[in-house]
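Because the structure is a prediction, the values reported are computed rather than measured. First the proteins, then the strands, lettered A, B, ... as listed; each starts at 1.
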Amino acid sequence: MAEHAEGHQQHPLAIYLYIWLLLFVLSTFSYLVDYFGFQGLVRWSLIIIFMLMKAGFIVGIFMHMAWERLALITAILTPPICLLVLIGLMNIEGEYTTKTRGQYFDEQPQVSRIVEGHEISH
Amino acid sequence: MSHEMNAAALPAGVTGVVTDWSGDKQAFQVPWGKAMMWIFLLSDTFIFTSFLTGYMHVRTSTTVPWPNPSEVFALTIAGHHIPLILIAIMTFILISSSGTMALAVNYGYRRDRTKTMLLMLATAAFGAMFVGMQAFEWTKLIVEEGVRPWGNPMGAAQFGACFFMITGFHGMHVSVGVIYLSTVAFKVYRGDYESRGYEIVEIAGLYWHFVDLVWVFIFALFYLW
């Protein structure tokens with residue numbers, strides 16, 4: 001495409017305005033998830049879906065990744081996959097720590113030690 | 001191609017390292033500044049993900065209930081108690097700043113210097129508003145709610161440390177971005193890029209959109225979780 005030859009990205013203004021509006025709508029949706037107090041798996045999946053959609057539109061359209069060559073896309077977007085390994089490992093580790101804490105420590109005295117000197121508001 | 005060359009003809013040692021790295025090979029068909037900005041943003045992605053993963057770890061491993069962000073960040077406006085409203089407004093402000101930035105990039109390539117400068121200044125102004133609201137939020141949490149990095153009256157002690165670390169590092173990025181964008185806007189207005197092109201506006205835009213991108217994750221994972 002011509003814009004690649006010139007080394008820069010030029011696209012119709014309408015697409016930016018459309019994405020801008022879309023990001024507003026998606027943000028409103030994620031806020032409403034909290035406002036209406038959805039809990040559990042519904043809350044969890046809605047938050048993640050809206051988050052990933054917003055991230056995709058920002059990277060793809062606003063940051064022009066959708067129009068870049070594959071060499072750049074792969075160089076930037078594949079390394080973060082390593083981070084999924086870190087997140088997975090730390091999740092397992094966190095659950096293990098909770099279990100050991102639940103087994104060996106009484107949680108209630110910890111709370112009162114932490115909030116010592118403060119008034120508990122509720 | 002390098003494998004077709006005779007390896008013996010290439011210099012060894014430190015000279016070889018320099019020869020290899022300075023070989024006239026270009027992988028990315030974009031201005032070097034843009035490639036470097038992407039690589040910087042990639043490294044920043046790792047930093048922010050490390051923070052968020054650390055937050056996830058302490059939150060899953062604590063046996064004390066985590067303070068409910070919906071209540072912690074609620075505001076009472078005109079007698080109505082609205083959950084998370086300040087954070088929602090901050091989100092919309094940052095998205096709007098991303099929108100004006102995208103338009104600025106577009107007008108930059110059209111060489112419309114006045115509109116580019118004004119849109120970049122609007123972006124920086126939105127950014128400054130965001131930081132101002134964050135300062136308000138921090139003040140409220142520290143002074144009124146008694147949140148400290150080592151404890152808080154609402155629940156798990158790690159809440160404060162995660163909150164100040166993650167939002168503080170993000171706020172620092174926004175503040176730096178405001179200075180960065182203002183500088184580039186001034187240079188656009190002065191006509192510095194007339195001869196070498198307006199890629200720099202797109203590169204500054206990449207940084208700004210990234211700041212917005214990070215907020216999308218913080219908003220979802222810290223405030224809505």
Side-chain angles (χ1 to χ4, degrees), chain A residues 4 7-13 16-17 19-20 23-24 27-28 30-31 33-35 37 43-44 47-48 50-51 54-55 58-59 61-64 68-69 71-72 75-76 79-80 82-83 86-87 90-91 93-98 101-102 105 107 110-111 114-116 118-122, chain B residues 27-31 34-35 38-39 41-42 45-46 49-50 53-54 56-64 70 83-84 88 91-92 95-96 98-99 101-103 105-106 109-110 145-146 151-157 197-199 202 205-206 209-210 212-213 216-217 219-221 223-225:
Chain A
H4 292 141
H8 67 243
Q9 301 271 350
Q10 188 68 322
H11 308 285
L13 279 179
Y16 298 116
L17 297 172
I19 295 300
W20 191 349
L23 289 173
F24 255 83
S27 295
T28 310
S30 9
Y31 177 67
V33 170
D34 186 68
Y35 192 83
R43 180 190 189 92
W44 209 79
I47 288 173
I48 296 293
F50 294 142
M51 177 186 85
K54 281 161 75 179
I58 292 172
V59 175
I61 310 295
F62 277 1
M63 298 173 94
H64 298 138
E68 296 292 0
R69 288 182 58 76
L72 185 66
I76 302 302
C82 305
L83 292 167
L86 175 71
I87 294 166
M90 288 302 105
N91 200 18
E93 168 74 15
E95 272 162 26
Y96 171 73
T97 312
T98 324
R101 278 179 179 166
F105 297 102
E107 59 202 62
Q110 259 186 331
V111 183
I114 291 158
V115 299
E116 205 177 6
H118 289 286
E119 269 184 55
I120 299 168
S121 50
H122 52 87
Chain B
F28 305 122
Q29 309 297 317
V30 293
K34 190 168 164 181
W38 267 117
I39 287 165
L41 295 180
L42 178 62
T45 306
F46 275 71
T49 311
S50 301
T53 310
M56 178 198 75
H57 180 255
V58 295
R59 187 165 173 171
T60 51
S61 63
T62 180
T63 49
V64 181
S70 186
L84 219 59
T91 304
F92 287 123
I95 287 172
S96 297
S98 244
M101 188 67 234
L103 300 184
V105 173
N106 198 281
Y109 284 136
R110 296 181 195 194
E145 318 263 342
N152 65 79
M154 284 130 1
Y198 282 84
E199 279 78 18
E202 191 185 347
L206 283 180
H209 293 311
F210 178 77
D212 185 25
L213 179 69
V216 167
F217 285 88
F219 180 57
L221 302 175
Y223 292 99
L224 293 177
W225 207 259

*Contacts of Y35(A) that satisfy side-chain contact (heavy atoms from CB on, under 4.5 Å) - sequence neighbours left out*: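 In terms of side-chain contact (heavy atoms from CB on, under 4.5 Å), with neighbours along the sequence ignored, Y35(A) is linked to Y31(A), L32(A), I82(B), P83(B).
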_Under a 4.5 Å cutoff for heavy-atom pairs, which residue among G54(B), G197(B), S98(B), A88(B) has the most contacts with chain A?_
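Maximum pair count with chain A is reached by S98(B).
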*In terms of heavy-atom pairs under 4.5 Å, which option from D212(B), L84(B), T91(B) contacts chain A the most?*
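When all of D212(B), L84(B), T91(B) are compared, L84(B) has the most.
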Can you check whether [Y]'s main-chain N or O pairs, donor with acceptor, with [X]'s side chain at less than 3.5 Å?
| X | Y | answer |
| --- | --- | --- |
| Q10(A) | N106(B) | yes |
| T98(A) | T60(B) | yes |
| R43(A) | L224(B) | yes |

*Under a 4.5 Å cut-off applied to non-hydrogen side-chain atoms, are I48(A) and L221(B) in contact?*
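The answer is yes, as the side chains (C-beta and beyond) meet within the 4.5 Å cut-off.
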_Do I58(A) and I95(B) make a side-chain contact, defined as non-hydrogen atoms from C-beta onward lying under 4.5 Å apart?_
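No; the side chains remain at least 4.5 Å from each other.
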*Taking the six-membered ring for Trp, are F24(A) and F92(B) parallel (under 30°), tilted (30 to 60°) or perpendicular (over 60°)?*
parallel
*Greatest number of heavy atom pairs closer than 4.5 Å to chain B - which of P12(A), C82(A), P80(A), G37(A)*: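 Highest number of heavy-atom pairs under 4.5 Å: P80(A).
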*Give the member of I47(A), V59(A), V33(A), L17(A) that has the highest number of heavy-atom pairs under 4.5 Å with chain B.*
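With the most close heavy-atom pairs to chain B, the winner is I47(A).
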*Could you check T49(B) against I87(A) for side chain to side chain contact (heavy atoms under 4.5 Å, CB included), going step by step and ending with a plain yes or no?*
CA-CA 9 Å; T49(B) 311; I87(A) 294 166; 4.1 Å; yes
*Name the one of M63(A), Q9(A), H64(A) that satisfies side-chain contact (heavy atoms from CB on, under 4.5 Å) with V105(B)?*
H64(A)
Could you report the tightest heavy-atom contact between [X] and [Y], atom names first, then the distance?
| X | Y | value |
| --- | --- | --- |
| N91(A) | M56(B) | N-CE, 3.5 Å |
| F219(B) | K54(A) | CD2-NZ, 4.0 Å |
| I76(A) | L42(B) | O-CD1, 3.3 Å |
| A220(B) | M51(A) | CB-SD, 3.5 Å |
| V216(B) | A55(A) | CG1-N, 4.4 Å |

Quick one: what part of [X] sits under 4.5 Å from any heavy atom of chain A, side chain, backbone, both or neither?
| X | answer |
| --- | --- |
| R59(B) | neither |
| L206(B) | both |
| S70(B) | both |
| F210(B) | both |

*Engaged part of L86(A) at the chain B interface, taking heavy atoms whose separation is under 4.5 Å*: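 Contact with chain B: backbone and side chain both.
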_So for I19(A), is it side chain, backbone, both, or neither that comes closer than 4.5 Å to the heavy atoms of chain B?_
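Contact with chain B: none, neither part.
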*Point-to-point distance, once rounded to the nearest 0.5 Å, from CZ of R101(A) to OG1 of T63(B)*: 6.5 Å
*asked:* Working to the nearest 0.5 angstrom, can you tell me the gap between M101(B) CE and Y16(A) OH?
replied: 10.5 Å
*So does F46(B) have more than 12 non-hydrogen atoms from other groups sitting under 6.0 Å from CZ?*
yes
_Between T97(A) and H57(B), does the side chain to side chain contact (heavy atoms under 4.5 Å, CB included) criterion hold? Intermediate values first, please._
CA-CA 9 Å; T97(A) 312; H57(B) 180 255; 4.1 Å; yes
*Evaluation steps, side chain to side chain contact (heavy atoms under 4.5 Å, CB included), between E68(A) and F28(B)*: CA-CA 9 Å; E68(A) 296 292 0; F28(B) 305 122; over 6 Å; no
